[in-house]
Amino acid sequence: MEHEKIQKMDTIHEHITSILSSLPDKPGCYQYFDEKGVIIYIGKAKNLRRRISSYFQKEHESIKTRMLVKRICDIKYIIVDTEEEALLLENNLIKQYRPRYNVLLKDDKTYPSIVIKNELFPRIFQTRTIIKDGSLYFGPYASPHMAKVMLQMIKSLYPIRSCKFPISQDTIRRGKYKVCLDYHIKRCKGPCVGLQDEEEYNRNISEIKEILRGNSSRISSVLMKEIQALAAEMRFEEAKILKEKYDIIESFRARSTVVSPTLDEIDVFSYAEHEHSVYINYMHISNGAVVQVYTIEYKKRLNETQEELLGLGIVELRNRFKSTASEVIVPFLPDVVSDRNITFMIPYRGEKKKLLHLSSMNVKQYKADKLQREDKLNPEKRITRLLKMIQTDLHLSSLPTHIECFDNSNIQGTNPVAACVVFKKAKPSKKDYRRFHIKTVVGPDDFASMEEVVTRRYTRLVKENAPLPQLIVIDGGKGQLNVAAEVLRRLDLSDKIMIVGLAKRLEEIFFPGDPIPLVLDKNSETLKVIQHLRDEAHRFGIAFHRNLRSKKQTYSKIDSIKGIGEKTKEILLRKYKSIKRLRSVPFEELAESIGEKKARLLIEGLNKT
């Protein structure tokens, strides 16, 4: 029994360690589960890796924290864009699950929003209550102070009424109301008595909506022009007031991912795949808040399509979480027998697009974490996976276990050299690196230099019956690539070796005879391997070139005189400083310094040169 308990603890420890090793350096919320799969703690973090790891790297003073750590059997997390979003998401999840150890956050606090009421001459104010009467709600905001500052800024920019009068065209005609103090201090233009028409008022409301949505660049631009005009007129106090407004607008331009409370009861699904695995992320939105997030993995059995697999995932997850949401946001239309009450939507902009983006971020992170854990457990499998990816991306006929890359170096047109670096199983094989002195080319000619080096390299490999690479990478554009490809054709190797060129400017990959380059995603592992090859070839070539230049700078005519070694040369140059001065030194003086035999050899050698 004790043995089984120890074995179970070891298994849990290994599982937690594997999760900790692949945590992202991103903001988000994390959830701790006990052995029964119950959430026991929910937290937020600016950096998930640092925050979660800190629980397991030290002995905690708090007894409650030590008890929590002992009970953790599994960890899950949700990534978001900002720390503020993590705070809001944490609040929503705690209210949803009420974990045992979140004692300080068990209050049912709701974060404030700003509402634009659905009425004639709409009022704008802060609220924690959502009423579905056609009004527009913005937020929630991470603190009441943030919402208050935003309201103050809006009211200082726009004359908006604050009274609670139920204004109508009839009450205006009858003169039911009188202007208040806000009118006299120019904070309101008196729409209640007909001193401001509805069209002008609604123009202000439209601009306020844009500010609250984060689309405030036009408003910021107008303010900046006014600030510059006031500064030009030396009206610095007024310019400072406007600058404060400008800064407030700019600080609120980025909207929270936790969307408007009017988005209620929505399911969001996203999809990712790798080889024979498919990952589907599910998010449920209630009152504008993310309340459930879950990712599942399927193993492909046959040639199922993306649409079929996404459809299976939607049915499985909606049944598992008993979702009755009538609106489902998806990246593409699934192949699923749909209930008539369900509407599938592919958003292209706005808040629903942000929700799809958040779900997509989480499914990609889930896939990346799983692959990273597998790679650490089985490094050979990672290398095979990486080589297969390179093979697929570059349309190679065989796995590129042996790759070579060439780079020319002729800085300032001197000492032309070239470098060849070799990668085996996607890692540098430094013992196979080769340097080349350019022998047949006069002056800086990259094309001719590349032709010479590639010819010398593969003529020798063929002659020695040495292993040939499956892929050659040329550091350069189409010109150098075509020259190298022609060499392979002459050597009858073009069918055995694939060759590509990597252009420096846009990191484009060129193929021989194809004018259209391949542009890989900047995060592509294939591109990273090719860039590593290029950078290593460049480093190796530059180091060789510098070494040559350094030797040339210390070379003197003494080096060509047989019988005069390095130590003798050092003695002479230290004493006489230059060859010119050395020529005028009498034989007797030289003989005293280095001996008669060497003195004669030196004088004869200098006279010849």
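Positions are given from 1 along the sequence.
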Counting heavy atoms not belonging to [X], are there more than 12 under 6.0 Å from its [atom1]?
X    : atom1 : answer
H15  : NE2   : yes
M67  : CE    : no
Q306 : CD    : yes
R123 : CZ    : yes
R50  : CZ    : no

Side chains of [X] and [Y]: does their closest heavy-atom pair fall under 4.5 Å?
X    : Y    : result
L358 : M283 : yes
M361 : K26  : no
T526 : L386 : no
E316 : I296 : yes
R66  : L68  : no
P347 : I329 : yes
P24  : Q365 : yes
F56  : I16  : yes

message: Looking at F125, I'd like to know if the NZ or CZ of K117 sits under 6.0 Å from its six-membered ring centre while staying within 45 degrees of the ring's axis.
response: no
Does [X] pair with [Y] as a salt bridge, N-O distance under 4.0 Å?
X    : Y    : value
R203 : E207 : no
E380 : R382 : no
E507 : K528 : no
E297 : K367 : no
E119 : K164 : no

Using every non-hydrogen atom in the two residues, find where [X] and [Y] come nearest and quote the distance to one decimal.
X    : Y    : value
L520 : L527 : CD1-N, 3.9 Å
R320 : Y294 : NH1-CE2, 3.0 Å
L387 : K425 : CD1-CA, 4.3 Å
F344 : I314 : CE2-CD1, 3.9 Å
V69  : Y55  : CG2-O, 3.7 Å
A86  : G28  : CB-O, 3.6 Å

Does [X] use its side chain to pair, donor to acceptor, with the backbone of [Y] at less than 3.5 Å?
X    : Y    : result
N202 : I205 : no
R318 : A325 : yes
N204 : Y158 : no
S113 : T127 : no
S53  : R49  : yes
Y137 : I131 : yes
R161 : F165 : yes
S359 : L356 : no
N362 : I79  : yes
E536 : L533 : no

- request: Tell me, with the steps shown, if L471 and V473 meet side-chain contact (heavy atoms from CB on, under 4.5 Å).
  value: CA-CA 7 Å; L471 174 65; V473 177; 4.3 Å; yes
If I take atom [atom1] from residue [X] and atom [atom2] from residue [Y], how far apart are they, to the nearest 0.5 angstrom?
X    : Y    : atom1 : atom2 : result
S270 : Y366 : OG    : OH    : 12.5 Å
L333 : M345 : CG    : CE    : 11.5 Å
K352 : I285 : NZ    : CD1   : 11.5 Å
D34  : C73  : CG    : SG    : 6.5 Å
S18  : H13  : OG    : NE2   : 10.0 Å
I509 : I530 : CD1   : CD1   : 3.5 Å

query: What's the verdict on ring pair (Phe, Tyr, Trp, His ring centres under 6.0 Å) for Y271 and F332, showing C-alpha distance, side-chain angles and the deciding distance?
result: CA-CA 9 Å; Y271 178 98; F332 50 84; 5.5 Å; yes
Distance-only donor-acceptor check, side chains [X] and [Y], under 3.5 Å:
X    : Y    : value
S54  : R51  : yes
K299 : S277 : yes
S135 : N118 : no

- prompt: Got a sec, which residues hit ring-ring contact (aromatic ring centres under 6.0 Å, His included) with Y282, two or more places apart in sequence or on another chain?
  reply: F269, F321
message: Run the side-chain contact (heavy atoms from CB on, under 4.5 Å) test on F33 and I72 for me, step by step, so that the C-alpha distance in whole Å, both residues' side-chain angles and the decisive distance to 0.1 Å come before the verdict.
response: CA-CA 6 Å; F33 294 79; I72 298 171; over 6 Å; no
task: Assess the pair H532 and F423: is the distance between their ring centroids shorter than 6.0 Å?
output: yes
task: Begin from the C-alpha positions of L93 and Q31 and carry the test side-chain contact (heavy atoms from CB on, under 4.5 Å) through to its verdict.
output: CA-CA 9 Å; L93 293 176; Q31 303 164 25; 3.9 Å; yes
field: side-chain contact (heavy atoms from CB on, under 4.5 Å) between I280 and T295, intermediate numbers included
entry: CA-CA 6 Å; I280 297 170; T295 301; over 6 Å; no
task: Specify whether Y30 and Y41 have parallel, tilted or perpendicular ring planes, treating 30° as the upper limit for parallel and 60° as the lower limit for perpendicular.
output: tilted
